[in-house]
There are 2 protein chains.
Amino acid sequence: MTEEGARRAPLNRDRVLRAAVELADEVGLAGVSMRRLAQQLGVVPMALYKHVADKDALLDGMVDAVIGEFDPPDPALDWQDGVRQRVLSARRAVLRHPWARQAIESRTRRTPAVLAYMDSVTGTFRAGGFSVDLTHHVMHALGNRIWGFSPELFDEPRDPGAPPLPPEAQQAMAAEFAERYPHVLEIALAATQGDLSGVGRGCDEDFEFAFALDLLLDGAGRLHRRGWSSRAASAPPAV
Amino acid sequence: MTEEGARRAPLNRDRVLRAAVELADEVGLAGVSMRRLAQQLGVVPMALYKHVADKDALLDGMVDAVIGEFDPPDPALDWQDGVRQRVLSARRAVLRHPWARQAIESRTRRTPAVLAYMDSVTGTFRAGGFSVDLTHHVMHALGNRIWGFSPELFDEPRDPGAPPLPPEAQQAMAAEFAERYPHVLEIALAATQGDLSGVGRGCDEDFEFAFALDLLLDGAGRLHRRGWSSRAASAPPAV
DNA sequence: ACCTGAACACCGTTCAAGT
DNA sequence: ACCTGAACACCGTTCAAGT
């Protein structure tokens, strides 16, 4: 309210990005608008455009900030543990920022930070003796899993704060499900040891992630040891 | 312009969804707004809300329309060819609608059509003798690949209509890349047989998709044959 | 150099009213 | 039953102007 008391440190790119990350942590990615971010910084919306080209650039910067939290590579590890360590470190960072997965999936530009991370993982395979050819295909096979997340295949886990469904509702849901989607119900029940109230609460995502990652890395190692090459192969793998 | 000449068939859910799919095919997902879709149908925006609860429901319906284009399962196939056939059929449908991948990734609700498709793929593994437990983990490992796409790991392919970069720009890009991201450049060059102009035009996505799919299915088959169970395993796979 | 004010061309969705 | 009109509370971004 005083004339000069409200003066604040001048904006800069870093302060804008840090505020955006903080805002996304609080209200989710959909809640991050240029206008709301400006308000959070006590500034008029247009002031942001001096530090960030447009909203896409803002999102790129936010993803870069998450990448900045990844642990550095550990050169003492062999290729398999090396890739695992980096990817699981990426996973920890991504889980710290629930919006990060959605933001990463939405990016189509590859920033220097993104390229540097991909280069580092690629280099780990090469240092482990993988051919250029096999490394290329394996990077594609890993896909977004190098960022530490797998897609939500089934429903989002139910809000843990939500009250548990009443037993009769569970029964009704199970009955309907059992009729229409017996196989989905079966594997969902298996994941919760038959505890119906757990269905829809999601399963052990960490285990599923590690399972898929190791399935891919082990398959890759097998191809590597056998000297597999896509030039020799007519059809894809035949692992 | 005549009073009655402009009368059109009454809207219904199907006509709304078909128009939305057509609009997305033409202008991309970002171009599909309730207002623009209404205009396309010669109707006021609010008229849509009688047939579709809100924009999320519209997107759900559009994804369901794509799923409706998948080929039915072929019961004569064994589990591996059966899953491959369904997933490659999904891929053909998704490639017909360039917006579909983005739409599928953005959905958090699982519609009956989505659940029915997942149930069908799950059932194919079960019919092939896979345990409930292994089927569960394998479905997670496949992840979004059951929809026939893998994530864009590297850049989007350059617009094929765009003019090719001038040779000196290619040289400059390559030089900069070679210095900062040598490993990414290396595998990118391998994918285009050293043709620099092809870098950034993307690689053979069909091959990469088939590679990853078969890597996963072959690994899954190996675990199946060996009677692997997550209950017995302390750590994930050890394929 | 950095920020502001006003404006433009959009959004999704509500409500009460029309036929 | 189905559609409309007007309004609300938002968006991202431009341009010319202020300090």
Side-chain angles (χ1 to χ4, degrees), chain A residues 1-24 26-63 99 102-103 106-109 111, chain B residues 1-24 26-63 99 102-103 106-109 111:
Chain A
M1 303 303 167
T2 62
E3 307 263 88
E4 292 299 271
R7 287 239 71 76
R8 47 193 81 254
L11 242 44
N12 58 48
R13 188 157 205 279
D14 227 66
R15 237 159 65 73
V16 169
L17 293 182
R18 277 211 308 278
V21 165
E22 209 175 313
L23 183 59
E26 277 165 28
V27 302
L29 200 59
V32 178
S33 70
M34 297 299 276
R35 297 173 109 106
R36 182 151 177 191
L37 177 56
Q39 183 187 289
Q40 201 87 352
L41 286 160
V43 111
V44 94
M46 272 315 295
L48 301 176
Y49 286 80
K50 282 271 121 80
H51 304 102
V52 122
D54 56 16
K55 199 181 175 182
D56 262 327
L58 177 73
L59 290 168
D60 283 342
M62 291 170 69
V63 169
W99 48 271
Q102 195 186 338
S106 77
R107 297 304 73 210
T108 117
R109 278 257 182 89
T111 66
Chain B
M1 303 303 168
T2 62
E3 307 264 88
E4 291 301 271
R7 288 240 69 78
R8 48 196 78 253
L11 242 44
N12 58 49
R13 189 159 206 277
D14 226 67
R15 237 160 64 74
V16 169
L17 293 182
R18 277 211 308 277
V21 165
E22 209 174 313
L23 183 59
E26 279 165 29
V27 302
L29 200 60
V32 177
S33 70
M34 297 299 275
R35 297 173 108 107
R36 181 151 179 191
L37 176 58
Q39 182 188 290
Q40 199 88 352
L41 286 161
V43 111
V44 94
M46 272 316 293
L48 301 176
Y49 287 80
K50 282 271 119 79
H51 303 102
V52 122
D54 55 16
K55 198 178 176 185
D56 262 328
L58 177 74
L59 291 168
D60 284 342
M62 291 170 67
V63 169
W99 47 270
Q102 196 187 336
S106 77
R107 299 302 75 210
T108 118
R109 277 257 182 88
T111 66

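So you know, we letter chains A, B, ... as the sequences are listed, proteins then strands, and number each from 1.
When the side-chain nitrogen and oxygen atoms of A:His51 are compared with OP1 and OP2 of C:dC2, none of them lie within a distance under 4.0 Å.
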Write out a two-atom table: protein N or O, nucleotide N or O from nucleotides 4-9 of chain C, distance below 3.5 Å.
from, atom 1, to, atom 2, distance (Å)
C:dT4, OP2, A:Val44, N, 3.1

Side-chain donor-acceptor distances from residues 42-57 of chain B under 3.5 Å, at least two apart:
from, atom 1, to, atom 2, distance (Å)
B:His51, NE2, B:Leu11, O, 3.3
B:Asp54, OD1, B:Asp56, N, 3.3
B:Asp54, OD1, B:Ala57, N, 3.1
B:Lys55, NZ, B:Val32, O, 3.0
B:Asp56, OD1, B:Arg107, NH1, 3.1
B:Asp56, OD1, B:Arg107, NH2, 3.2

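Looking only at side-chain heavy atoms (C-beta outward), A:Leu37 and A:Leu41 come within less than 4.5 Å of each other.
Here D:dT14 presents its P atom at 15 Å from NZ of A:Lys55, a figure rounded to the nearest Å. Between the C1' atom of D:dA1 and the CG atom of B:Leu11 lies a distance of 13 Å, rounded to the nearest Å. Across the protein-nucleic acid pair, B:Met34 atom CE and D:dC3 atom P stand 13 Å apart, rounded to whole Å. Rounded to whole Å, the distance from CG on B:Leu48 to P on C:dC11 is 13 Å. Distance B:Leu58 CG to C:dT13 C1': 14 Å, rounded to the nearest Å. One can place CG of B:Leu37 at 16 Å from P of C:dC10, the figure rounded to the nearest angstrom. Rounded to whole Å, atom P of D:dG12 lies 11 Å from atom CG of A:Leu29. A straight line from CG of A:Asn12 to P of C:dC3 spans 9 Å, rounded to a whole angstrom.
Candidate nucleotides C:dC11, D:dC11, C:dT13 were compared by shortest atom distance to the side chain of B:Arg36, and C:dC11 ranks first.
Of all heavy-atom pairs spanning A:Val63 and A:Ala103, the tightest one is CG2-CB, 3.9 Å. The two residues B:Ala24 and B:Met62 come nearest to each other via the heavy atoms CB-CE, 3.6 Å.
Here B:Glu22 pairs with B:Glu26 under the side chain to side chain contact (heavy atoms under 4.5 Å, CB included) rule; sequence neighbours left out. Residues passing the side chain to side chain contact (heavy atoms under 4.5 Å, CB included) test with B:Ser106, sequence neighbours excluded: none. Take B:Arg18 and apply the salt bridge (charged side-chain N to carboxylate O under 4.0 Å, His left out) test, not counting sequence neighbours, and it matches B:Asp14.
Once rounded to the nearest 0.5 Å, the distance linking CD of A:Gln102 with CG of A:Leu29 reads 5.0 Å. Here CZ of A:Arg109 is found 12.5 Å from CG of A:Leu59. Values are rounded to the nearest 0.5 Å.
On the C1' atoms, D:dC15 is 14 Å away from C:dC3, given to the nearest whole Å. Rounded to the nearest Å, the gap between the P atom of C:dA9 and that of D:dC10 is 22 Å.
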Secondary structure of DNA chain C in dot-bracket form (Watson-Crick or G-U wobble, distances below 3.5 Å, | marking inter-strand pairs): ||.|||||...|||||.||
